[in-house]
Structures are given as C-alpha cells and as structure tokens.
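In what follows, a single structure is set out as structure tokens and then discussed.
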Amino acid sequence: MGAYEEVFQAAVQDREGFWLDAARALEWEQAPTRALDESNPPFYRWFPDGVLNVAHNALDRHVAAGRGDQAALIYDSPVTGTQRTYTYGELTEEVARFAGVLRDLGVGVGDRVVVYMPMVPEAAIAMLACARLGAVHSVVFGGFAAKELAVRIDDATPAVIVSASCGIEGTRVIEYKPLLDKAIELATHKPGKRVILQRPQAEAAMGPDDLDWADAVARATPAAPVPVRSTDPLYVLYTSGTTGKPKGVVRDGGGYATALAWSMPNVYDVGPGQTIFTASDVGWVVGHSYIVYAPLLAGATTVLYEGKPVGTPDAGQFWRVCAEHGVRSLFTAPTAFRALKKEDPDGDYAKKYDLSRLRYLFLAGERLDPETYRWASALLDIPVIDHWWQTETGWPIVADPVGIEQLPVKPGSPTKPLPGWDVQILDAAGKPVPAGEDGAIVVKLPLPPGAFPTLWNDDDRFVSSYMSAFDGYYLTGDGGRIDEDGYVFVMGRTDDVINVAGHRLSTGGMEEVLASHPDVAECAVIGVADTMKGQIPRGFVVLKAGADPDPEQLRAELVQMVRDQIGAVASLKEIAVVAALPKTRSGKILRKTMRGIADGLDEPVPSTIENPDILDALRPVLRKE
Ligand code: COA
Ligand code: AMP
C-alpha cells in the first residue's frame with residue numbers, strides 16, 4: 001500500500017481516531033473527546049464538545065510560541081504600488097484592535113457582520129476580528145452589485161457592515177460606498193453601523209451611521225479571543241444555487257480549522273514559515289480557506305494580492321510575487337493561466353524571475369483542461385496539481401496529496417479523493433455505475449470536518465438541495481466518472497450553475513433579471529464553453545406579443561440590467577432575441593440540449609421535445625452560423 005492509500009484507509013478504518021488526532025494540531029480551550037455526532041443525520045456535527053477560538057489559533061498561538069516576528073501576511077498590490085508585511089505579532093494586534101471596534105459596536109458571539117471589501121489586508125483583519133469575538137462574518141465578493149449585496153444583507157441580518165471606499169479593478173477605480181448605500185436602501189434589514197476603510201484612490205462621503213476605520217481603530221482597545229463551541233458558526237458564505245436566491249453556506253469553527261490545518265502539510269505541502277500565494281479573492285471560498293484561515297492556522301505566510309494575472313500592469317506579476325516573496329505553493333484558477341498563456345504564450349515573463357523556490361502550482365475552481373495543464377507544466381517544470389472542491393466543502397474533496405505522496409497524474413483528473421471523502425458515481429436511479437461510466441458525483445455521508453453542516457437559517461433547503469436526491473449521500477451538483485484506478489474526472493455541473501472565469505454564477509439568477517424586462521415574455525440563459533473564461537453565459541429572450549423594441553437597444557438594456565443587478569462578473573454580453581424556446585411536453589426549457597448545440601456537440605434531440613421545429617430554427621443562432 002502506498003502512503004496515500006495508507007492515510008486514506010486510516011480515516012476509513014478509524015474515523016474518530018483519525019480526526020481527533022488531526023484536531024490536536026489546534027489549541028483548544030476544551031479539547032474534544034468525541035469526533036463526530038451522528039445523532040441527527042443528515043445534520044452531522046464535528047467535535048461536539050470541543051471549545052476553541054479560531055482566530056487565537058490563527059494568530060495568538062503562534063506569537064505565544066515565539067514566532068511573533070515571522071511574516072504572517074504580505075499585502076502585494078501592483079494596482080496601488082503598495083507592499084506591506086504584517087508579522088504575526090502585528091497582525092494579532094491589528095485584529096485584536098479591530099475586534100475591539102466591533103465589540104464596542106455591540107457585536108458579540110453569534111452576531112453577523114457583513115464584509116464587502118476589495119483585496120486589502122483589512123478584509124482579512126475584519127474576518128479574523130469577527131472570529132476573535134465568536135461573531136459570524138459573511139464576506140460578499142466586491143464584484144457583486146448592490147442588489148446581490150442587499151439579498152445577502154437581508155438573509156444574514158448583520159449587526160454591522162464593514163466596507164471600503166473603493167476597490168481597484170485593473171486600471172479602474174470602483175467606488176464601493178455608493179453600492180453599499182444603495183444595497184442598504186434596497187434591503188429590508190437595516191444594519192446599525194458601518195465601518196468604512198477610506199482609501200486615497202476615492203474617498204467616500206460619510207453618513208451619520210458610518211465610522212472611519214482608521215479613527216475607530218485608533219480609539220479602540222484590543223479585544224481578547226472569546227472561546228466558542230466548535231460547532232458554532234464561524235462564517236456564512238453565499239454561493240450561487242440554481243435560483244436567484246443564493247445559498248448561505250455555514251461553516252463551523254472546529255471542524256473547519258481541523259480540516260484546513262490537516263490540508264496545509266498534506267495537500268499543499270506548506271508548513272510554518274513557508275509561503276503560499278493564493279491568487280483568488282477573499283469573497284470566494286478559496287480566499288476564505290487558503291488566503292486567510294489555512295495559511296495562518298499552519299503558521300505559514302500568506303500573500304494577499306490585489307491585482308489581476310494580466311494587465312496590472314503585465315503578465316509577469318504572478319512570477320514577480322513568487323520570486324520576491326519566496327512563494328512555495330501558488331494556487332489560482334485555470335482561467336488565470338489561460339489569460340497568462342494568451343498574453344505571454346512563450347512564458348517570457350516567467351523566465352525573467354527566479355522561481356527556484358516555487359515548488360507547486362495548485363489549480364481549482366473549474367475544470368482544468370488538459371491543454372492548460374500541459375502549458376503550465378512545461379512552463380514551470382513543477383507539479384501542477386488540479387484539485388476539486390466547492391464552497392460547500394470548504395477544502396478539497398479530490399486532490400493529489402503531494403505532502404503525503406505524489407500520485408501519477410492523468411490529465412483531466414484531479415486524481416483521488418482525500419481522506420474523509422467517500423466519493424461515488426450514481427445513475428439517475430441512485431445505483432452505482434461501473435468504473436469509467438458517467439453519472440452524478442456524490443459523497444457518502446457523513447461529510448468530513450470542514451464541510452458545511454447546513455445552510456444559514458434554512459435546514460429545509462440544505463436537505464432538499466443536497467441531501468434528498470439520493471438518501472445518505474451529498475449531491476455535489478457535478479457530473480463525472482471514476483476510472484478503474486480510482487481517479488475521479490469532474491466534467492461539469494449537472495444543474496444551472498456555471499463557472500465563469502472561476503466565478504460561480506447562477507443562470508437561473510440571470511434569467512430572473514432578464515425576465516423582469518417589460519418586453520420579455522420568457523428567456524433562457526445557458527453557459528457555453530469559452531476558451532478564456534471556461535464558460536460564459538449566453539441569453540435567449542422571447543418577446544411579449546406586441547412588443548417591438550429596437551433589438552440593439554433591448555440587448556444593451558438587458559446587459560446593463562444584469563450588470564446592475566448581479567454585477568459585472570456575470571459577464572453576460574451575448575443576448576439573442578428568438579421567436580421561441582425549445583421545450584419538453586411538460587414545458588421545461590431544454591437548456592442542456594441548447595448548451596450542447598452551442599458547444600458544437602452532436603446533441604441528441606430528446607424524445608420528450610414538444611416541437612422539434614423550434615429547436616431546428618434555433619440551431620443556427622446557437623451555433624452562431
Ligand atoms: N469588483 C468589481 N468588479 C469586478 C470585480 C471586483 N472585485 N472582479 C471582477 N469585476 C469585473 C471586471 O472588471 C469585469 O468588468 P468588465 O466587464 O466591465 O470588464 C467583469 O467583472 C468580469 O471580470 P472577470 O471575469 O474577472 O474578467 P476579466 O476579463 O476582468 O479578467 C481573468 C479575467 C481571467 C484575468 C480574471 O477573471 C481572473 O483573474 N480570474 C481568476 C479567477 C479567480 O480568482 N477565481 C476564484 C476561484 S479560485
Ligand atoms: P465554488 O463553489 O465557487 O468553489 O465552485 C465549485 C464548482 O466549481 C464545482 O462544483 C465544480 O463545478 C467547479 N470546480 C471546482 N474545482 C474544479 C476542478 N478542479 N475540476 C472541475 N471542476 C471544478
């Protein structure tokens with residue numbers, strides 16, 4: 001048995017022992033005596049009698065161990081020309097002070113705080129300050145528009161919102177404060193105070209409920225970490241589901257911190273004093289786990305990068321960051337590498353920098369196409385590790401565990417499941433399919449520590465969305481197969497979720513926006529393959545009888561509505577006005593068939609189709625002929 005197999009089997013044979021042992025990597029106020037509470041499936045709880053503070057584990061613990069002078073977080077911002085390093089001592093102090101600000105605003109255990117910020121260190125400080133108080137943060141990605149923010153404010157009902165005056169998107173300055181004000185106006189729930197980080201690129205006009213971050217911090221006294229139950233929520237992170245209403249993925253403290261602490265040496269091969277650069281955004285799960293929590297729990301150094309892979313100002317920035325900060329593991333989305341490849345196909349920028357300390361490239365967030373895998377491998381000559389995970393899971397489900405054993409790679413597969421994940425492929429009837437055949441990717445319950453225990457305030461949706469399709473299994477929403485060697489191939493979503501440039505979006509949400517236009521009778525949005533972004537949305541609208549708008553103007557209005565209501569990240573730019581949409585006899589729009597045709601596949605016409613002529617008429621539009 002290889003080392004990977006041994007570790008995987010250890011978690012199968014003795015689940016309790018394996019995870020209690022992993023939990024010893026943390027410092028507990030009250031160490032757990034049991035790993036898993038299975039009394040109320042599918043609501044499993046990890047370390048039910050454990051008590052800890054996650055921020056203490058991420059910060060104070062390392063200072064107490066004598067590592068206060070080691071770099072904890074390096075802020076590298078080519079868009080503002082700034083670099084700042086926080087040692088563990090300094091970051092602990094900043095977090096304690098900001099926790100003092102929140103505490104003075106009445107934030108306590110279990111209270112929610114919405115964080116709507118660009119990629120600045122204060123975003124991580126705000127998150128950790130919440131964790132320090134036992135409060136629950138809910139970070140909203142800065143690329144979401146006011147309405148999306150409002151929906152999240154209404155669901156999370158925060159006591160306080162933390163934001164900034166602006167973000168910098170490439171070369172543009174995006175003012176956040178007007179978006180925040182608009183969101184609060186749209187929301188039914190009115191949070192008390194908001195703390196605003198003023199940035200020199202665009203100062204915000206402050207209202208009576210707005211506190212200036214710098215003033216508030218200067219006045220505050222540091223707050224001590226508050227021990228909370230392991231099962232208490234650490235954060236809520238909204239993610240796109242199949243409808244316009246996002247799902248509030250809940251993360252507990254103890255299970256999550258245990259899983260992350262386990263993953264750092266075993267998956268990412270990064271230990272204390274070593275540097276990981278996760279080029280993502282704190283608004284996504286990858287940012288929560290591998291920009292903020294996991295590196296700090298491991299006592300490593302994390303790079304928080306404010307910029308893009310290309311254009312800020314050039315395609316050499318990732319390599320500059322890796323060289324300057326001695327990065328050991330770089331983690332980003334395949335789309336970033338496709339952007340680099342387009343801009344710098346021969347990798348000339350990479351050759352300018354000393355990348356001798358870069359040991360691994362980790363890619364996730366969307367399928368890693370074999371061509372991008374090969375290009376990145378040839379460019380860097382280091383292991384390129386595809387790994388598969390989701391907001392719901394909090395850490396990878398399937399990954400090459402290079403800290404344990406590097407498995408041989410099969411391009412197109414993130415290799416094998418990590419310990420704790422019992423991944424299986426089922427057919428529509430819930431029967432296991434033979435090796436190599438496609439089906440729904442599911443995980444047998446219970447899920448390991450770190451995975452979501454429920455959805456915020458919505459146990460019913462947790463069960464109906466994920467736990468009821470196949471009794472005893474978590475429905476991942478992805479389709480794919482497992483080959484005869486146990487390698488998992490993740491081929492794409494089986495629902496209406498799409499991945500655009502590594503951003504998870506709901507086509508259902510976009511359809512809701514299009515359908516609200518007065519001239520639109522019905523519509524469909526599908527995700528089609530895109531060489532750069534992986535997928536991009538395309539919209540198809542049918543006009544109401546009697547409506548006769550100028551098609552160009554209608555398209556422009558619809559595009560703008562999606563930008564205004566969801567955000568620019570939706571990237572919906574192509575909208576076609578069509579006579580009718582193909583449907584089944586029961587009235588369901590044949591989105592999968594449309595997607596297949598648009599992707600140039602030999603898509604079979606479903607036997608349930610109501611009127612094949614409609615599909616035939618749409619074919620040239622879908623294929624852009
Ligand atoms: N705030 C405001 N607007 C934002 C934003 C933010 N935080 N992030 C993106 N946007 C805007 C962009 O400016 C762009 O606007 P535009 O249509 O007016 O040009 C739009 O949303 C689409 O952005 P994006 O999808 O990022 O495309 P891009 O062309 O600007 O950049 C990449 C393409 C590949 C360089 C970029 O998407 C990237 O770096 N992706 C990495 C993905 C990632 O980190 N995923 C997280 C999971 S690991
Ligand atoms: P998110 O919740 O934003 O992390 O998006 C999760 C989704 O991204 C998954 O359900 C997959 O569809 C996709 N995804 C993430 N990582 C991979 C990967 N390595 N290979 C294929 N798809 C992936």
Side-chain angles (χ1 to χ4, degrees), residues 116-119 123 140-145 166-176 179 237-241 247 249 278-291 305-312 315 317-318 331-343 362-369 373 385-400 412-415 441 452 475-480 488-495 497-505 527 530 532-536 559 562-563 566-573:
Y116 183 61
M117 295 187 97
M119 284 291 286
V140 179
F141 175 58
F144 281 125
C166 67
I168 295 134
E169 252 303 289
T171 51
R172 280 179 299 161
V173 173
I174 301 203
E175 293 196 35
Y176 275 40
L179 295 172
L237 177 58
Y238 289 89
T239 189
S240 299
K247 293 167 166 167
V249 167
T278 302
S280 176
D281 190 288
V282 287
W284 306 115
V285 67
V286 170
H288 279 63
S289 295
Y290 293 102
I291 295 174
Y305 172 76
E306 187 180 31
K308 296 251 175 188
V310 295
T312 59
Q317 292 305 302
F318 277 13
F331 178 179
T332 189
T335 192
F337 264 73
R338 290 195 294 269
L340 289 171
K341 181 172 164 230
K342 183 166 173 233
E343 199 83 10
F362 289 89
L363 296 170
E366 53 173 328
R367 184 171 139 77
L368 172 57
D369 54 290
Y373 167 76
I385 292 147
D386 177 15
H387 57 325
W388 170 58
W389 52 302
Q390 310 179 308
T391 307
E392 289 85 348
T393 69
W395 63 292
I397 309 164
V398 174
D400 197 348
S413 166
T415 72
I441 312 183
F452 67 150
L475 182 72
T476 66
D478 281 305
V488 180
F489 289 77
V490 183
M491 303 312 289
R493 300 286 305 194
T494 55
D495 55 14
V497 168
I498 58 172
N499 254 287
V500 182
H503 310 316
R504 175 165 159 182
L505 297 159
D530 180 77
M532 171 64 66
K533 295 197 174 190
Q535 275 186 308
I536 47 158
V559 165
V562 172
R563 283 179 79 88
I566 296 178
V569 274
S571 296
L572 178 59
K573 299 199 168 136

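FYI, side chains are in, hydrogens and waters are out, and symmetry mates aren't considered; it's all heavy atoms of this structure. Read the numbers this way: they start at 1 and go in the same order the structure lists the ligands and their atoms.
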Before you tell me yes or no, could you show the steps for H387 and F362 under side-chain contact (heavy atoms from CB on, under 4.5 Å), namely the whole-Å CA-CA distance, both residues' side-chain angles and the distance that decides it to 0.1 Å?
CA-CA 7 Å; H387 57 325; F362 289 89; 3.6 Å; yes
Tell me every residue that passes ring-ring contact (aromatic ring centres under 6.0 Å, His included) with Y176, counting only those two or more places apart in sequence or in another chain.
Y116
Under 4.0 Å between a Lys/Arg side-chain N and an Asp/Glu carboxylate O for R338 and E366?
yes
Quick one, L363 with I385, criterion side-chain contact (heavy atoms from CB on, under 4.5 Å). Give me CA distance, side-chain angles, the key distance, then yes/no.
CA-CA 6 Å; L363 296 170; I385 292 147; over 6 Å; no
The criterion is side-chain contact (heavy atoms from CB on, under 4.5 Å); which residues satisfy it with S240, sequence neighbours excluded?
R504, S506
Could you tell me the residue and atom name of the protein heavy atom closest to atom 5 (O) of ligand 2, and the distance to it rounded to 0.1 Å?
R504 CD, 3.5 Å
At under 4.0 Å between heavy atoms, what of R493 touches ligand 2? The answer is side chain
I'd like to know if the side chain of T278 reaches the main chain of Y290, judged simply by a donor and an acceptor atom lying under 3.5 Å from each other, with no hydrogens or angles considered.
yes
Atoms in ligand 2 with a heavy atom of T391 nearer than 4.0 Å:
1 (P), 2 (O), 3 (O), 4 (O)
Using a 4.0 angstrom limit on heavy atoms, which residues are close to ligand 1?
F141, G142, G143, E169, R172, I174, Y176, A279, S280, W284, V286, K308, P309, A333, T335, A364, A501, G502, H503, K533, R563, A568, V569, S571, K573
Give me the residue, atom name and distance of the protein heavy atom closest to atom 7 (C) of ligand 2.
N499 ND2, 3.7 Å
Atom 18 (C) of ligand 2: nearest protein contact (heavy atom, Å):
E366 O, 3.2 Å
Quick check on W389 - does any of its heavy atoms sit under 4.0 Å from an atom of ligand 2?
yes
Any donor-acceptor N/O pair, Q535 side chain to N499 backbone, under 3.5 Å:
yes
Closest to atom 11 (C) of ligand 2 by heavy-atom distance, out of D386, D478, L237, is D478
V490 neighbourhood, listing ligand 2 atoms whose heavy-atom distance to it stays under 4.0 Å:
21 (C), 22 (N)
Go through the structure and list residues passing side-chain contact (heavy atoms from CB on, under 4.5 Å) with E175, not counting sequence neighbours.
P178, A202
Any side-chain to backbone donor/acceptor pair from T393 onto Q390? Under 3.5 Å, distance only.
yes
Using atom types as modelled and distance alone, determine if a side-chain donor or acceptor of H503 lies under 3.5 Å from a backbone N or O of A570.
no
Can you see which heavy atom on K533 is nearest to which on S571, and at what distance?
NZ-OG, 3.1 Å
Does any N/O atom on G365 come nearer than 3.5 Å to any N/O atom on ligand 2?
yes
Report yes if some N/O of H387 lies less than 3.5 Å from some N/O of ligand 2; otherwise report no.
yes
Would you say ligand 2 has an N or O under 3.5 Å from any N or O of T476?
no
List ligand 2 atoms under 4.0 Å from R367, heavy atoms only on the residue side.
20 (N), 21 (C), 22 (N), 23 (C)
Criterion ring-ring contact (aromatic ring centres under 6.0 Å, His included) on F337 and Y373, from CA distance to verdict
CA-CA 9 Å; F337 264 73; Y373 167 76; over 10 Å; no
